[in-house]
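Atoms within each ligand, like the ligands themselves, are counted from 1 in listed order.
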Amino acid sequence: MSAALEDSLSAALTRLLEPLGQAHLLRFWGELSTEQRQRLALQIRSIDWDTFTTLTAAEAGQQDWEQVAGQVSPPQALSLLEQANPQRLRAAVAAGEEALAEGKVGFILVAGGQGSRLGFEHPKGMFPIGPVSGRSLFQILLEHARARGLRAGVSVPVYIMTSPQTDSETRQFLQANRWFGYPEDDVRIFCQGVIPAVDRQTHQILLAEKDELFVNPDGHGGCLAALARSGLLEEMRQRGIEQLFYGQVDNPLLQVCQPALLGHHLLSGSEVTTQVVRKTDPGQRVGNVVRWQGRTQIIEYSDIPPSLAAQRNAGGELRFWAGSIAVHVFAREFLERCAAQAETLPFHRALKKVACLDGQGRRIQPAEPNAIKFERFIFDLLPHAREAIVVEVDPALGFAAVKNAPPAPAETPEWVQAAISRLHRHWLRQAGAEVSDNLPVEISPFVALDSADLMGRIRSGESFTEPLWWGPE
Ligand code: UTP
């Protein structure tokens, strides 16, 4: 690029940024090479400035739950717990299995997060979590989806969301592992967008480098826009996919495309079905599913007023008992409708510590949160549904998320591995085996997807005393 062209580029960028109060992004322009200038210019131009200015201008997307606490009520929920309504459960399982067999179900797996709490240096999906096999989160979840499809005589297509931070490594990993047995054509990878983070006081965008803005993935809610942008929503339609089972990569107990959940969703004519667990503690770090203004909504654990979370009914149980575990089923047509409306999902703000450059170009490692990050949450789709239902599941059967590094008390790799082993020991015992307490046990989804699959496969008096990996023959 000639010097004249570079000058006119800088003038054009200044004209764009000055009225937005973001001209500081060009502060180090004079020190940059031509290549660095082009990179910075490209990044600045790729930002959706209209959306960005609405975020910093107002307290966008923030509902004051304190103010409306009196109008909020608990949700009605169906149950996947066998004893609740066996007849309805059987009908749901049959309906779910039929939809799977007809090839109407796809699986969305979101894996674009930064996994900052875990502190693993690769995409979290690559984390080896199998307590005996050491299988990664990706392997466990893809094998589960594959096994579920084989059971129904189909291949359930998987749509994996990455972010610019996880995309290329995820692709390489999955390719190197031959998509864990999946036909390549049935694994689609799509990348979510990013959004700049700003200084919490000045609302100026932070610089990660002299030629690079600090951006973060736009939240799991970014999935909606990314699916539409990538053309995958359209591809799903052409392929005859009508329902999308949504799960997060950090939960190896996820019961991928569980027929009962799909079936409850279908039998209720629901547009969004969300799986919940019964909260045991008011401060539990799960989203709180509530009814408000005739709609089902989720209040993040960080947003629920403590006095609301602590309310108990006459029997002493928590009134707001339904904790979201981020497992949903969406009707494809519902996603299409929402994707067509630009601002369906608001951005939420979170105060975070972000390493960045100061005005002199020196790197700052803040001790206190210095930045506002913006993120969209997928569960904000719930109130847009004409019909949304809530289904309760036993957490021991379907939820153990890897979030934290040791020595955190919960949701560490060790804690999650213990939950997998506990569940699989329980399956063996139900099938008649004797199993030593605390024994690491792991059963492949190609062998069993639940305890019923092991019935008749344990010899009388069989006992397990050594760590067990029961893989496919
Ligand atoms: P979390 O919000 O728990 O974030 O994501 P995280 O990235 O795993 O971990 P922290 O908060 O940085 O420690 C829940 C799920 O949503 C996905 C994650 O990959 C995870 O499966 N996610 C989150 C995205 O796909 N994109 C995002 O922008 C954020």
Does ligand 1 have an atom under 4.0 Å from some heavy atom of Ala111? yes
Numbering as shown, the atoms of ligand 1 that approach Pro217 to under 4.0 Å (heavy-atom distance): 28 (O)
Find all atoms of ligand 1 within a distance of less than 4.0 Å from any non-hydrogen atom belonging to Gln248, and give their numbers and elements. 14 (C), 15 (C), 16 (O), 21 (O)
Atom 8 (O) of ligand 1: nearest protein contact (heavy atom, Å): Lys124 NZ, 2.9 Å
Is the closest heavy-atom distance from Ser163 to ligand 1 below 4.0 Å? no
Proximal atoms of ligand 1 relative to Ser116 (non-hydrogen, under 4.0 Å): 9 (O), 10 (P), 12 (O), 13 (O)
Can you check salt bridge (charged side-chain N to carboxylate O under 4.0 Å, His left out) on Lys279 and Glu317, steps first, answer last? CA-CA 9 Å; Lys279 283 177 64 179; Glu317 291 148 350; over 6 Å; no
Contacting atoms of ligand 1, where contact means under 4.0 angstrom from a heavy atom of Val249: 21 (O)
Please state which protein non-hydrogen atom is closest to atom 21 (O) of ligand 1 and give its distance, to 0.1 Å? Val110 O, 3.0 Å
closest protein heavy atom to atom 19 (O) of ligand 1 is Gly113 N, 2.9 Å
Partner of Gln243 by side chain to side chain donor-acceptor pair (under 3.5 Å), out of Glu333, Lys104, His265: His265
Around atom CZ of Arg27, are there more than 12 heavy atoms of other residues, nucleotides or ligands at under 6.0 Å? yes
Do Val327 and Gln258 come close enough that some side-chain heavy atom pair is under 4.5 Å? no
Indicate yes or no: does an N/O atom of Leu118 lie under 3.5 Å from an N/O atom of ligand 1? no
In ligand 1, which numbered atoms sit nearer than 4.0 Å to a non-hydrogen atom of Gln192? 24 (C), 25 (O), 26 (N), 27 (C), 28 (O)
Side chain of Arg295, backbone of Pro383: donor and acceptor closer than 3.5 Å? yes
Are Thr274 and Phe379 close enough that some pair of their side-chain heavy atoms sits under 4.5 Å apart? no
Among all protein heavy atoms, pick out the one at the shortest distance from atom 20 (C) of ligand 1; state its residue, atom name and that distance to 0.1 Å. Asp250 OD2, 3.8 Å
Ligand 1 atoms nearer than 4.0 angstrom to some heavy atom of Glu375 are 29 (C)
How far is atom 11 (O) of ligand 1 from the closest protein heavy atom, and which atom is that? Arg117 NH2, 3.0 Å
Please indicate whether any nitrogen or oxygen in Met161 is less than 3.5 Å from any nitrogen or oxygen in ligand 1. no
How far is atom 5 (O) of ligand 1 from the closest protein heavy atom, and which atom is that? Lys403 NZ, 4.2 Å
Between His220 and Phe377 (judged by ring centroids, cut-off 6.0 Å), do the two rings come close enough to count as a pair? yes
Output yes when Arg117 and Asp250 qualify as a salt bridge under the 4.0 Å nitrogen-oxygen rule, no when they do not. no
So Gln192 and Asp218, side chain to side chain donor-acceptor pair (under 3.5 Å) or not? Walk me through it. CA-CA 7 Å; Gln192 69 180 109; Asp218 58 0; 2.9 Å; yes
So Leu26 and Ile44, do their side chains get closer than 4.5 Å, heavy atoms only? yes
Please state which protein non-hydrogen atom is closest to atom 25 (O) of ligand 1 and give its distance, to 0.1 Å? Gly112 N, 2.8 Å
Evaluate the side-chain proximity of Leu174 to Leu142: yes if any heavy-atom separation is below 4.5 Å, no if none is. yes
Measure the distance from atom 16 (O) of ligand 1 to every protein heavy atom, then report the residue, atom name and distance (to 0.1 Å) of the closest one. His220 CD2, 3.5 Å
